[in-house]
Amino acid sequence: MIISILVLEGPYNHEASDSAYNFIQAALAKGHAIRGIFFYDDGVYNVTRLMDPPQDDRHISRRWSELGATGIDMVVCIAAAKRRGITNEVLAPNIRISGLGQLASMIHESDRIVTFGD
Amino acid sequence: MIISILVLEGPYNHEASDSAYNFIQAALAKGHAIRGIFFYDDGVYNVTRLMDPPQDDRHISRRWSELGATGIDMVVCIAAAKRRGITNEVLAPNIRISGLGQLASMIHESDRIVTFGD
Amino acid sequence: MLHTVNKSLFQNGALENCLRLARDGDAILLLEDGVYAAAAGTVKSSLIEQAVKRFAVYAIEADLKARGLGNLIKEVRVASYGDFVDLVEKYPVHAWL
Amino acid sequence: MLHTVNKSLFQNGALENCLRLARDGDAILLLEDGVYAAAAGTVKSSLIEQAVKRFAVYAIEADLKARGLGNLIKEVRVASYGDFVDLVEKYPVHAWL
Amino acid sequence: MAQKGKKVMVTVRKPPHGSIYVQESIEVMFIFATYEMDLSVVFLDDGVLALHPGQDTKELGIKGFMASLGALVDWEVTNVYADRQSLKDRGIAEDAIIAIGKDDDSGAPIHPRVLDAAEIAAMMAAQHSIVSF
Amino acid sequence: MAQKGKKVMVTVRKPPHGSIYVQESIEVMFIFATYEMDLSVVFLDDGVLALHPGQDTKELGIKGFMASLGALVDWEVTNVYADRQSLKDRGIAEDAIIAIGKDDDSGAPIHPRVLDAAEIAAMMAAQHSIVSF
């Protein structure tokens with residue numbers, strides 16, 4: 001099955017990012033394809049390369065970048081990102097900023113979309 | 001009366017920032033003193049200079065910077081900010097990054113503390 | 001004390017939690033989505049209809065207008081942000097987030 | 001359909017909202033703070049005790065462990081993230097955020 | 001196009017103004033309507049509060065999104081529904097909910113269509129994908 | 001110091017793990033305890049779920065904060081209370097809640113003290129400042 005993921009909340013503050021990540025790992029382990037991950041609402045905060053959590057905790061933007069490096073399309077909504085101050089200046093690697101049309105495309109090209117939020 | 005304000009949620013996503021701002025304006029209009037404004041939890045997202053909302057909407061970090069310019073002590077919690085990627089690199093003017101001890105000092109030196117969050 | 005409540009009472013228990021601990025003579029300020037509790041004629045109106053007998057209940061006018069709420073439980077006092085400041089001067093505050 | 005619920009039922013109406021619209025044969029997956037609904041012996045346990053008669057109810061194991069929940073309503077099925085994936089394969093999903 | 005007519009629903013369950021979810025959900029509706037989708041929008045639970053008449057965010061100092069919500073039809077978002085029970089619980093009369101556009105010919109206001117829970121549940125079950133706010 | 005003994009309370013009402021509020025509230029407690037304050041901490045409503053025995057976030061892949069919560073007393077956060085009704089509603093036995101430290105001499109575990117709503121309300125009313133999560 002081809003799956004896309006919508007993440008609506010920021011890292012650390014809500015469990016949404018962690019649930020999405022754990023779900024994606026399980027889906028990949030079962031051989032499913034992830035068409036894309038779309039970050040919207042406060043979800044746009046997931047992708048700043050400036051985050052610097054305690055050494056013994058997970059590094060959420062780095063995890064997303066690593067998934068992006070495997071070829072999964074990682075997209076941040078430009079409108080939601082602009083008002084919140086997430087720009088190319090702070091964007092982590094292997095993630096791109098684009099429009100909501102990319103979410104529509106992900107839906108078109110996926111069997112399922114799963115939303116994680118608050 | 002001397003008041004301090006604690007803001008626990010990010011800009012635009014929750015009304016907390018707006019309520020805090022409107023409350024502060026009313027307090028200043030009545031001649032009260034604002035000892036400080038402390039940004040914690042997702043509240044740390046209030047202070048990025050990179051935010052770029054639509055032209056016809058309010059610019060939340062600019063409003064905070066303008067308040068800071070009047071001499072109000074604007075402080076962002078370093079621990080909460082670090083994990084969320086808010087650093088000096090993106091900090092708006094007239095706002096500083098410091099520790100939770102600054103919140104304790106604000107409480108010591110204020111008659112009241114008012115919390116805005118989600 | 002002044003209790004602030006900013007959540008919709010249809011979806012969240014904050015107002016009920018607040019009412020459980022508030023003491024006679026306390027003030028309750030509804031703001032943000034909390035102002036829906038001030039509306040008359042809803043399935044939950046009885047919460048504030050009862051509360052006004054024990055507490056002074058206020059609702060922020062700008063929040064009421066934003067949500068189109070005009071038909072209010074009549075003992076609820078419509079408050080400006082300036083009134084909010086006056087309440088804070090009178091009482092220490094607890095925010096029921 | 002698969003319904004996901006991620007809010008504490010003690011504080012938030014999401015689970016009740018979900019149960020109002022869910023149809024016989026649907027599956028409900030509790031995750032994050034939603035897993036508190038799976039606990040036996042709480043003031044709200046009856047919600048899921050009734051729900052299991054009409055729906056297949058699952059709760060994410062990692063979330064149960066994080067919250068120390070071991071004494072569960074017995075018809076609730078403990079699920080891994082892999083089981084979550086299988087449910088998504090079987091049903092379209094609605095998240096009751 | 002192979003995907004033409006894929007059934008996609010946006011559900012709105014959060015109250016307006018206290019958070020940005022309703023506003024950002026409208027931005028999603030506007031974009032989805034320009035794609036080849038069979039789009040439905042459902043306001044339910046606290047989401048129906050977005051349909052309350054007389055909302056004005058000016059005094060809050062925020063732009064708000066009432067103009068966008070009133071122009072859904074102009075953006076081709078036409079299949080818009082509201083849950084009857086959610087309106088009733090919140091004291092909103094069905095004939096009082098805001099218009100989401102005007103009829104091109106008659107100029108008559110177009111309102112979201114009020115449905116029972118069972119109708120909404122059946123519609124949800126028929127979707128390919130649902131995005132929720 | 002003039003401010004010595006200013007009564008400050010931290011209330012925790014959100015459930016743990018689904019969001020970071022409980023964790024970041026503990027960081028506040030640790031710092032406040034190092035200042036000249038008469039600090040009280042109250043867990044109530046969903047906040048008491050942080051006191052549930054047996055929590056282990058390892059499988060979630062998150063660090064969590066159970067170690068911090070179990071060391072409150074070491075950080076001089078000693079006036080810690082839990083609301084009786086909140087525990088009861090959530091099926092948590094009063095004698096099962098987690099320890100927040102050990103007695104220096106006996107090594108016996110120290111638990112939050114369980115109070116009735118009226119006692120908590122009276123305590124709240126006596127504070128100079130309350131910070132809530």
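Naming convention: chains lettered A, B, ... in sequence-line order (proteins, then strands); numbering from 1 in each chain.
With a 4.5 Å cut-off on side-chain heavy atoms, Arg13(E) and Gln11(C) count as touching. The side-chain heavy atoms of Leu49(E) and Arg67(C), taken from C-beta on, include no pair separated by under 4.5 Å.
Across every non-hydrogen atom of Thr42(C) and Arg90(E), the tightest pair is CG2-O, 3.6 Å. In terms of heavy atoms, Pro16(E) sits closest to Asp33(C) at O-OD1, 3.1 Å.
Residue Leu64(C) holds its CG atom at 10.0 Å from CD of Glu59(E), rounded to the nearest 0.5 Å. Residue Thr57(E) holds its OG1 atom at 10.5 Å from CG of Asp63(C), rounded to the nearest 0.5 Å.
Contact of His17(E) with chain C is made through backbone and side chain together, with heavy-atom distances under 4.5 Å. Contacts of Pro53(E) with chain C are made by backbone atoms alone, with heavy-atom separations under 4.5 Å and no side-chain atom involved.
Summarising the local packing, CG of Asp104(E) is surrounded by 12 or fewer heavy atoms from other residues, nucleotides or ligands at distances under 6.0 Å.
Of the residues considered (Gln55(E), Lys58(E), Met66(E)), Gln55(E) shows the highest number of contacts with chain C, using heavy-atom pairs under 4.5 Å. Among Ala40(C), Ala62(C), Gly41(C), the residue making the largest number of heavy-atom pairs under 4.5 Å with chain E is Ala62(C).
Residues from residues 70-86 of chain C that place a non-hydrogen atom less than 4.5 Å from a non-hydrogen atom of chain E comprise Tyr81(C), given in numerical order.
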